[in-house]
Trainee: 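Here you go, one structure.
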Amino acid sequence: MTSNFMMHTTHWVERDMDDVWRTALQAVAACLAEVGPEAGRAVAAVGLAGHGDGLYAVDGRGRPVRAAIVAMDTRAEPVLEEWRGTPVWSRALDLSGTVPFGGSPAALLAWLGRHEAGALRQARWLLSCKDWLRLRLTGAVATDPTDASASFTDMRRGGYSPELLDLYGLGALARLLPPVLACDAVSGTVTREAAALTGLTAGTPVVTGAHDVDAAALGIGGTTPGELCLIAGSFSINQVVSEHPVVDPRWQVRHFVRPGQWMTMSTSPASVANLEWFLRVTGAPAERRDGVHEAIGREVEAHLDGPSEVLFHPFVYGSPHPHATSGTFLGLRGWHGRGHLLRALMEGVVLNHRWHVDALCSKLPISDAAVRLTGGAARNEVWSQMFADALRRPVVVSDVQESAARGAALLAATAVGLLDDVRDPRATAAELRRHEPRPDRVAVLDVAYQVYREALEALGPVWARLDALKTAQ
């Protein structure tokens with residue numbers, strides 16, 4: 001599902017909630033139309049997945065009280081600066097398994113309380129993306145453990161934590177948090193109004209669903225504890241399912257779709273969104289008729305020989321580092337062309353993923369199994385191979401085009417008895433291709449990573465100065 005973003009300033013990233021609903025309607029109607037006129041009757045259940053964090057606030061009639069705020073929003077950074085280095089930071093990590101970031105519900109609600117208190121007074125429910133879609137499909141309010149644990153649930157015991165809410169100064173908002181149901185529970189049925197708009201049949205069960213990160217892991221079979229699963233989409237998602245929570249400020253520990261398991265995610269808004277930015281600025285390849293990823297792959301492949309002469313830090317939308325950062329090309333010369341820049345961009349994205357993976361491997365029992373890769377970068381064979389070379393691990397790409405949607409479908413099928421559970425062998429995704437690390441490229445990317453890390457440290461004061469100039473305007 002796609003939708004237009006509204007960016008009021010460089011820090012605000014919002015979505016029109018009705019537009020999100022309209023886009024979902026169009027997607028459902030298009031899928032059913034492709035199957036045939038009676039397709040709606042054949043749908044056994046509807047699954048849901050959506051981006052995590054951010055905020056979709058509605059009033060008692062189920063109407064938006066303001067535009068949705070998405071996870072890439074950074075307006076709440078001043079709030080975070082107040083919290084860093086105080087007991088709020090350390091206690092939040094210990095209780096919830098994560099420290100807040102700009103797009104997390106805790107930070108956004110604290111910001112709204114200061115700047116848009118009227119919107120919070122109007123609100124009856126504070127929802128996530130998929131929960132807004134459920135409300136429109138069914139009229140029912142609910143969420144699931146994966147989305148609920150974004151800010152306010154007890155990492156070890158589950159359930160909302162009054163101590164966490166009070167820690168953030170948000171105790172009065174506890175009444176606005178939706179009930180939490182199991183990911184594979186039936187949370188409502190399609191209303192007549194939604195049926196008329198979508199082509200679904202009224203009364204069709206709608207299943208609670210999950211945060212798209214967890215759903216994507218299900219979709220490609222990344223559910224075995226200890227196995228790395230990477231999602232290279234707008235965000236750099238690097239995750240592993242574990243049977244015991246291990247906290248660290250470099251990652252988030254949240255409840256997984258199965259009770260007694262946790263999803264450990266080291267993330268940043270610094271993956272394929274960089275390519276989308278680059279193409280918007282420079283234009284897509286002329287060979288777009290063959291597919292943009294294939295065209296870019298050919299362009300980069302022609303410039304893969306030799307060392308990484310150009311370095312890119314993929315931080316045009318943010319980074320995993322606590323100090324100021326921004327997107328940066330280093331090493332440019334007059335003989336470098338677009339292909340060199342694209343190679344640097346793709347390598348920079350992969351090296352940022354490596355930083356996250358190295359963090360996870362430093363404390364968690366990671367198996368030697370092949371890394372499962374999904375997201376936009378998985379559609380590009382050259383880029384997928386870079387992941388194997390940079391991580392020095394085999395990388396597997398499945399034949400699943402939309403992994404989160406498939407994961408939501410598996411939860412729906414489980415809820416109505418079509419599958420025994422989400423690991424049912426009948427739901428196994430087929431392997432599309434496998435990439436083995438190539439020794440020559442492993443050596444090149446090892447050197448590039450060393451320079452990447454050194455430049456990251458050296459540029460810290462420069463990035464801070466640039467940020468100060470922007471703030472002073």
Trainee: Could you give the distance from CG (Leu456) to CG (Leu351), rounded to the nearest 0.5 Å?
Mentor: 11.0 Å

Trainee: Do Asp420 side-chain atoms and Asp424 backbone N/O form a donor-acceptor pair below 3.5 Å?
Mentor: no

Trainee: Please walk me through it: do Leu200 and Val46 pass side chain to side chain contact (heavy atoms under 4.5 Å, CB included)?
Mentor: CA-CA 9 Å; Leu200 294 166; Val46 177; 4.0 Å; yes

Trainee: Can you check salt bridge (Lys or Arg N to Asp or Glu O under 4.0 Å) on Glu347 and Arg354, steps first, answer last?
Mentor: CA-CA 10 Å; Glu347 288 182 350; Arg354 174 171 169 174; over 6 Å; no

Trainee: Any chance you could lay out the side-chain hydrogen bond (donor to acceptor under 3.5 Å, both in side chains) test for Arg136 and Thr191, step after step, and finish with the verdict?
Mentor: CA-CA 9 Å; Arg136 295 307 307 266; Thr191 64; over 6 Å; no

Trainee: Report the relative orientation of the aromatic rings in Phe152 and Tyr168; use parallel for angles under 30°, tilted for 30 to 60°, perpendicular for over 60°.
Mentor: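 The rings of Phe152 and Tyr168 stand perpendicular, inter-plane angle above 60°.
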
Trainee: Mark yes or no for whether Asn274, through its side chain, and Pro314, through its backbone, hold a donor-acceptor pair below 3.5 Å.
Mentor: yes

Trainee: Has Trp125 got a side-chain atom pairing as donor or acceptor with Val141's backbone, closer than 3.5 angstrom?
Mentor: no

Trainee: Has the side chain of Thr138 got a donor or acceptor atom that lies under 3.5 Å from a matching backbone atom of Arg134?
Mentor: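 Side chain of Thr138 to backbone of Arg134, a donor-acceptor pair under 3.5 Å: yes, one is there.
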
Trainee: Ignoring hydrogens, what is the shortest heavy-atom contact between Val422 and Thr414? Give both atom names and the distance.
Mentor: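 Shortest heavy-atom contact: N-OG1, 3.6 Å.
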
Trainee: Can you tell me how far CE of Met265 sits from CD of Gln252, rounded to the nearest 0.5 angstrom?
Mentor: 4.5 Å

Trainee: Answer yes if the ring centres of His353 and Phe387 are under 6.0 angstrom apart, and no otherwise.
Mentor: yes

Trainee: Of the non-hydrogen atoms in Ala123 and Leu176, which two are nearest, and what is the gap between them?
Mentor: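 Between these two residues, the closest heavy atoms are O-CD2, 3.5 Å.
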
Trainee: Pairing donors with acceptors under 3.5 angstrom, does anything connect the side chains of Ser271 and Ser236?
Mentor: no

Trainee: Given side chain to side chain contact (heavy atoms under 4.5 Å, CB included), test Leu126 with Leu55 step by step and report yes or no.
Mentor: CA-CA 7 Å; Leu126 303 173; Leu55 198 63; 4.2 Å; yes

Trainee: Are the ring centres of Tyr56 and His51 closer than 6.0 Å?
Mentor: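 Yes - the distance between ring centres of Tyr56 and His51 falls below the 6.0 Å cut-off.
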
Trainee: Take atom CG of Asp399 as the centre, draw a 6.0 Å sphere, and report whether it contains more than 12 heavy atoms from other residues, nucleotides or ligands.
Mentor: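 Buried by this count: over 12 neighbours within 6.0 Å.
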
Trainee: Tell me whether the rings of Phe101 and Phe235 are parallel (<30°), tilted (30 to 60°) or perpendicular (>60°).
Mentor: perpendicular

Trainee: Could you check Ser268 against His356 for side-chain hydrogen bond (donor to acceptor under 3.5 Å, both in side chains), going step by step and ending with a plain yes or no?
Mentor: CA-CA 9 Å; Ser268 59; His356 289 291; 2.9 Å; yes

Trainee: Can you confirm whether the side chains of Ser384 and Arg433 place a donor and an acceptor under 3.5 Å from each other?
Mentor: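 There is such a pair (donor and acceptor under 3.5 Å, judged by atom type) between the side chains of Ser384 and Arg433.
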
Trainee: Tell me, with the steps shown, if Leu93 and Thr98 meet side chain to side chain contact (heavy atoms under 4.5 Å, CB included).
Mentor: CA-CA 5 Å; Leu93 179 63; Thr98 181; 5.5 Å; no

Trainee: Looking at Arg434 and Glu381, is there a salt bridge between them, counting it only when a charged N and a carboxylate O are closer than 4.0 Å?
Mentor: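 Judged by the 4.0 Å cut-off on N to carboxylate O distance, Glu381 and Arg434 do not form a salt bridge.
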
Trainee: CG of Asp212 to CD1 of Ile231: how many Å apart, nearest 0.5 Å?
Mentor: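 Asp212 atom CG to Ile231 atom CD1 measures 7.0 Å (nearest 0.5 Å).
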
Trainee: How far does OG1 of Thr267 sit from CZ of Arg250, to the nearest 0.5 angstrom?
Mentor: 13.5 Å

Trainee: Rounded at 0.5 Å granularity, tell me how far SG in Cys229 sits from CG in Leu218.
Mentor: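 With rounding to 0.5 Å, SG (Cys229) is 9.5 Å from CG (Leu218).
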
Trainee: Side chains of Trp463 and Thr328: any donor to acceptor distance under 3.5 Å?
Mentor: yes

Trainee: Salt bridge (Lys or Arg N to Asp or Glu O under 4.0 Å) for Asp358 and Arg453? Distances and angles first, verdict last.
Mentor: CA-CA 12 Å; Asp358 284 355; Arg453 294 290 304 273; 5.3 Å; no

Trainee: Could you tell me if the ring centre of Trp355 sits under 6.0 Å from that of His321?
Mentor: yes

Trainee: Among Val99, Val246, Asn238, whose side chain to side chain contact (heavy atoms under 4.5 Å, CB included) with Trp251 holds?
Mentor: Val246

Trainee: Which residue is it: Asp131, Leu137, Asp144? I am looking for the one with a side chain to side chain contact (heavy atoms under 4.5 Å, CB included) to Leu48.
Mentor: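 One option only clears the test, and that one is Leu137.
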
Trainee: Looking just at side-chain N and O atoms, do Asp154 and Ser161 make a donor-acceptor pair shorter than 3.5 Å?
Mentor: no

Trainee: Looking at His115, I want to see if its NE2 is surrounded by more than 12 non-hydrogen atoms of other residues, nucleotides or ligands under 6.0 Å.
Mentor: yes

Trainee: Would Trp83 and Trp111 count as a close aromatic pair, with their ring centres under 6.0 Å?
Mentor: no

Trainee: For the side chain of Asn380 and the backbone of His293, is there at least one donor-acceptor N/O pair under 3.5 Å apart?
Mentor: yes

Trainee: Have Thr146 and His255 got a donor and an acceptor in their side chains that come within less than 3.5 Å?
Mentor: no

Trainee: So, for Ala142 and Pro178, which heavy atoms are closest and what is the spacing to 0.1 Å?
Mentor: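 Closest pair (atom of Ala142, atom of Pro178, distance): C-CB, 4.0 Å.
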
Trainee: When rounded to the nearest 0.5 angstrom, what is the spacing between CZ in Arg41 and CG in Leu32?
Mentor: 12.5 Å

Trainee: Walk me through whether Glu243 and Arg258 qualify under salt bridge (Lys or Arg N to Asp or Glu O under 4.0 Å).
Mentor: CA-CA 10 Å; Glu243 295 179 320; Arg258 292 196 297 269; over 6 Å; no

Trainee: Taking the basic N atoms (NZ, or NE/NH1/NH2) and the acidic carboxylate oxygens, is any pair closer than 4.0 Å for Asp53 and Arg254?
Mentor: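 Counted as a salt bridge, because a side-chain N and a carboxylate O are separated by less than 4.0 Å.
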
Trainee: Sub-3.5 Å donor-acceptor pair from the side chain of Trp262 to the main-chain atoms of His244, do we have one?
Mentor: no

Trainee: Can you tell me if Arg426 has over 12 outside heavy atoms packed within less than 6.0 Å of its CZ?
Mentor: yes

Trainee: Using a 6.0 Å cut-off, check whether atom CD of Glu77 has over 12 heavy atoms from anything other than its own residue.
Mentor: yes

Trainee: Indicate the atoms forming the closest heavy-atom contact of Leu418 with Ala44, along with that distance.
Mentor: CD1-CB, 3.8 Å

Trainee: Locate the shortest heavy-atom distance separating Arg393 from Ser367; write the atom from each residue and the value.
Mentor: NH1-O, 3.1 Å

Trainee: So Arg114 and Glu82, salt bridge (Lys or Arg N to Asp or Glu O under 4.0 Å) or not? Walk me through it.
Mentor: CA-CA 13 Å; Arg114 299 178 185 186; Glu82 294 175 14; 2.7 Å; yes

Trainee: Kindly give the heavy-atom pair with the smallest separation between Lys130 and Thr208, and that separation in Å.
Mentor: CE-O, 3.3 Å

Trainee: Show your working on side chain to side chain contact (heavy atoms under 4.5 Å, CB included) between Thr224 and Val241 and close with a plain yes or no.
Mentor: CA-CA 7 Å; Thr224 302; Val241 175; over 6 Å; no

Trainee: In plain terms, say whether Glu431 and Arg372 are close enough for a salt bridge, that is, a side-chain N and a carboxylate O under 4.0 Å apart.
Mentor: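 The answer is no: the pair does not qualify as a salt bridge.
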
